[in-house]
Asks: 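Got a structure here, written out as structure tokens. Questions coming.
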Amino acid sequence: MIAKITMVLAFAAIAIIIGILCQKHAGSVTGFILGGRNVGPWLSAFAFGTSYFSAVIFVGYAGQFGWKYGLSATWVGIGNAILGSLLAWWVLGPRTREMTQRLGAATMPEFFGRRYRSRALRIAAATIFVFLIPYTASVYNGLSRLFGMAFGLPYEACVIGMALITCIYVVLGGYMATVVNDFLQGIVMLFGITAVICAVLAGNGGFSQAVIDLSHVQAETNPDLQGAFVSMFGPDLLNLLGVVVLTSLGTWGLPQMVQKFYAIKSGPAIKQGAIISTIFAMVVAGGSYFLGGFGRLYSGQIEMSATGTPIYDSIIPTMLSTLPDLLVGLVIVLVLSASMSTLSSLVLTSSSTLTLDLLKDNVVKNMDEKRQLTWMRGLLVAFVAISAIIALVQYSSSITFIAQLMSISWGALAGAFLGPFLWGLYSKRISKAAVWTSFVVGVGLTSGNMIAGFFGHALIASPINCGALAMLLSLAIVPLVSLATKPVDFDMDIALPSRKSATDREIEAEARAEGFEEMEPLA
């Protein structure tokens with residue numbers, strides 16, 4: 001117990017010290033939320049990966065989908081690495097870095113407002129950020145279950161402690177404190193997940209014996225399929241594909257993920273970051289889902305609900321409860337690392353968006369840079385507090401699965417933003433009507449399905465599949481609606497002086513007036 005407590009206290013102390021040391025980078029708006037757009041490939045790649053994978057993945061998704069699909073759940077991790085990391089960096093990274101700086105955009109709603117010449121779109125996009133709150137709240141859940149298993153601490157104490165530590169280092173050091181902490185936390189995650197997999201397999205007689213034992217378990221959905229949980233595609237391929245799409249394609253439209261491309265250095269840093277991020281995702285995500293695939297071997301020990309179904313969030317903690325104390329301490333630091341990095345990214349993105357896209361010039365007039373920083377720090381604390389309160393309320397409510405909260409958040413946000421953002425980076429023929437349609441469909445489908453589900457009449461039974469469908473619809477709707485409506489007049493080669501339109505010059509002048517640096521010409 002002393003060793004476990006020491007490891008956690010050392011982790012918390014290091015996080016706060018980094019926040020103090022990074023204060024010098026947080027004296028301006030771009031420094032506080034983007035690190036001055038000068039973050040290197042290693043820090044950016046680890047920040048992307050640690051924001052991507054939290055207790056939601058390690059405890060919630062790995063437990064739930066490992067139970068449902070067995071070892072085939074590993075495909076989710078592979079999809080996260082290839083589609084969610086590598087292709088996201090290749091397709092979005094260079095163009096996002098280029099376009100956002102030339103437009104002087106520091107947030108995703110600001111990008112929409114400048115790219116599509118619409119303040120209304122900017123405000124609407126900022127409003128949709130409310131869907132980040134349930135995801136933020138879900139981050140606490142998995143962490144607190146592990147703390148309860150390891151230390152016997154009450155859920156409330158875990159939530160409050162994590163909220164305080166995150167608040168301190170993000171408020172002090174902003175984005176730079178977040179990415180430096182993410183780098184150290186990512187290293188812990190890489191070593192931790194490797195050690196845990198080896199220990200769990202060893203506790204079940206080794207890899208071969210664990211697979212043999214798992215092959216004898218029958219699938220409830222398809223009892224005639226022998227060895228369903230060790231087969232390549234598992235007992236339910238269609239729903240497995242839905243999970244791959246939601247958790248992989250979602251990163252393309254999530255503001256806290258895309259923001260990492262705003263801040264990275266230009267040039268070869270993006271190519272380097274793509275490789276680093278992909279390897280990180282393959283180890284952490286692939287390892288987590290692979291580990292969850294052996295959850296059925298603990299079926300006699302897992303906590304069950306009143307209806308006789310397993311409480312999915314308890315599966316991974318149950319698997320880890322038999323490990324040596326020192327290794328449990330490492331797991332606690334692993335999940336604490338994953339959770340705090342995701343939480344810090346979420347609240348930093350939310351507070352900066354609310355300040356710059358909703359309050360500035362709309363509610364609070366003449367907001368200078370100092371006041372913007374004050375508002376962002378204050379709202380950051382508020383978002384952490386609100387998400388903690390929701391987590392505490394949710395703990396005693398009927399919504400018991402981490403995956404439900406995450407899929408609703410990811411589906412609404414990425415379902416609204418994915419199409420307008422991706423097509424807006426590469427095509428000059430996108431219309432405002434197409435963007436509005438994507439916003440309405442993404443939020444409407446996800447929210448409507450959630451509300452209908454409360455009354456037992458969900459349109460799509462799985463919120464996972466609903467979120468995945470919203471993302472695919474967004475990609476299809478934007479170009480189709482744009483064909484039938486008037487596109488926004490926008491010069492995609494905005495950086496070339498000889499081809500700048502009058503409107504483009506006005507945008508750059510406004511960007512300079514707001515303190516954004518001039519971007520070098522496009523090579």
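Just so we're clear, the structure is a prediction, and the values are computed from it rather than from any experiment. Below, all heavy atoms of this structure are taken into account, side chains as well, without hydrogens, waters or symmetry copies.
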Asks: For ring-ring contact (aromatic ring centres under 6.0 Å, His included), just list the numbers for Phe112 and Phe417, CA-CA rounded to whole Å, side-chain angles, deciding distance to a tenth of an Å, and then say yes or no.
Replies: CA-CA 9 Å; Phe112 289 135; Phe417 295 155; 5.5 Å; yes
Asks: Only counting residues at least two apart or in another chain, list the ones meeting side chain to side chain donor-acceptor pair (under 3.5 Å) with Trp89.
Replies: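 In terms of side chain to side chain donor-acceptor pair (under 3.5 Å), with neighbours along the sequence ignored, Trp89 is linked to Ser277.
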Asks: With a cut-off of 6.0 Å (strictly less than), are more than 12 heavy atoms of other residues, nucleotides or ligands near CH2 of Trp75?
Replies: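 For Trp75, atom CH2 is not crowded (no more than 12 foreign heavy atoms under 6.0 Å).
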Asks: What do the steps show when you test Phe229 against Tyr69 for ring-ring contact (aromatic ring centres under 6.0 Å, His included), and what is the final call?
Replies: CA-CA 6 Å; Phe229 295 111; Tyr69 309 120; 8.9 Å; no
Asks: Check step by step if side-chain contact (heavy atoms from CB on, under 4.5 Å) holds for Ser72 and Met232.
Replies: CA-CA 5 Å; Ser72 66; Met232 179 175 289; over 6 Å; no
Asks: Mind running ring-ring contact (aromatic ring centres under 6.0 Å, His included) on Tyr289 and Tyr61 for me, showing each step along the way?
Replies: CA-CA 8 Å; Tyr289 287 109; Tyr61 270 25; 7.0 Å; no
Asks: Under 3.5 Å, side-chain donor or acceptor atoms of residues 464-480 against the rest of the protein: list the pairs with distances, not counting sequence neighbours.
Replies:
from: Asn465; atom 1: ND2; to: Asn239; atom 2: OD1; distance (Å): 2.6
from: Ser474; atom 1: OG; to: Gly415; atom 2: O; distance (Å): 3.3
from: Ser474; atom 1: OG; to: Gly419; atom 2: N; distance (Å): 2.8
from: Ser474; atom 1: OG; to: Ser438; atom 2: OG; distance (Å): 2.8

Asks: By the side chain to side chain donor-acceptor pair (under 3.5 Å) test, which pairs, at least two apart or in different chains, include something from residues 188-204?
Replies: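 For residues 188-204, and leaving out neighbouring residues, the side chain to side chain donor-acceptor pair (under 3.5 Å) pairs sorted by first residue read Asn204-Tyr298.
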Asks: If you draw a 6.0 Å radius around CH2 in Trp436, do more than 12 non-hydrogen atoms from other residues or ligands fall strictly inside?
Replies: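 Yes - once you tally the heavy atoms of other residues, nucleotides and ligands closer than 6.0 Å, there are more than 12.
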Asks: Could you measure the distance from the CE atom of Met108 to the CZ atom of Arg115? Nearest 0.5 Å is fine.
Replies: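 Between atom CE of Met108 and atom CZ of Arg115 there are 13.5 Å.
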Asks: Would you mind reporting whether Pro310 and Trp67 have side-chain heavy atoms less than 4.5 Å apart?
Replies: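 Sidechains of Pro310 and Trp67: in contact.
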Asks: For Tyr262, which residues count as a ring-ring contact (aromatic ring centres under 6.0 Å, His included) partner, sequence neighbours excluded?
Replies: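 ring-ring contact (aromatic ring centres under 6.0 Å, His included) check on Tyr262 returns nothing, list empty.
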Asks: In residues 385-392, what donor-acceptor pairs under 3.5 Å come from side-chain atoms, sequence neighbours left out?
Replies:
from: Ser387; atom 1: OG; to: Tyr140; atom 2: OH; distance (Å): 3.4
from: Ser387; atom 1: OG; to: Phe383; atom 2: O; distance (Å): 3.0
from: Ser387; atom 1: OG; to: Val384; atom 2: O; distance (Å): 2.9

Asks: Report the distance from atom CD1 of Ile316 to atom CD1 of Ile57, rounding to the nearest 0.5 Å.
Replies: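 The CD1 atom of Ile316 sits 11.5 Å away from the CD1 atom of Ile57.
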Asks: From His216 NE2 over to Ile212 CD1, what is the distance, rounded to the nearest 0.5 angstrom?
Replies: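 Here the rounded value is 7.0 Å.
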Asks: Using side-chain contact (heavy atoms from CB on, under 4.5 Å), reason through Phe11 and Ile165 one step at a time and then give a plain yes or no.
Replies: CA-CA 10 Å; Phe11 172 85; Ile165 296 169; 5.7 Å; no
Asks: With sequence neighbours left out, write down each residue that passes side chain to side chain contact (heavy atoms under 4.5 Å, CB included) with Ser341, or none if nothing qualifies.
Replies: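 Per chain and number, Ser341 pairs via side chain to side chain contact (heavy atoms under 4.5 Å, CB included) with Thr50, Asp182, Gln185.
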Asks: Quick check: do Ile302 and Ile311 have side-chain heavy atoms less than 4.5 Å from each other?
Replies: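 A side-chain contact under 4.5 Å is absent here.
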Asks: Would you call Lys260 and Tyr175 a side-chain contact if the rule is heavy atoms closer than 4.5 Å?
Replies: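 Result yes, sub-4.5 Å side-chain heavy-atom pair found.
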Asks: Go through the steps to decide whether Gln256 and Ser51 satisfy the test side chain to side chain donor-acceptor pair (under 3.5 Å), and finish with yes or no.
Replies: CA-CA 8 Å; Gln256 75 274 15; Ser51 297; over 6 Å; no
Asks: Could you check Thr178, Thr353, Leu343 and say which one makes a side-chain contact (heavy atoms from CB on, under 4.5 Å) with Leu348?
Replies: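 Testing each of Thr178, Thr353, Leu343 against Leu348, the sole residue satisfying side-chain contact (heavy atoms from CB on, under 4.5 Å) is Thr178.
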Asks: When rounded to the nearest 0.5 angstrom, what is the spacing between CZ in Phe48 and CE in Met257?
Replies: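 Going from the CZ atom of Phe48 to the CE atom of Met257 covers 3.5 Å.
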Asks: Taking atom CH2 of Trp410 and atom CG of Leu249, what is their separation to the nearest 0.5 Å?
Replies: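 The CH2 atom of Trp410 sits 10.0 Å away from the CG atom of Leu249.
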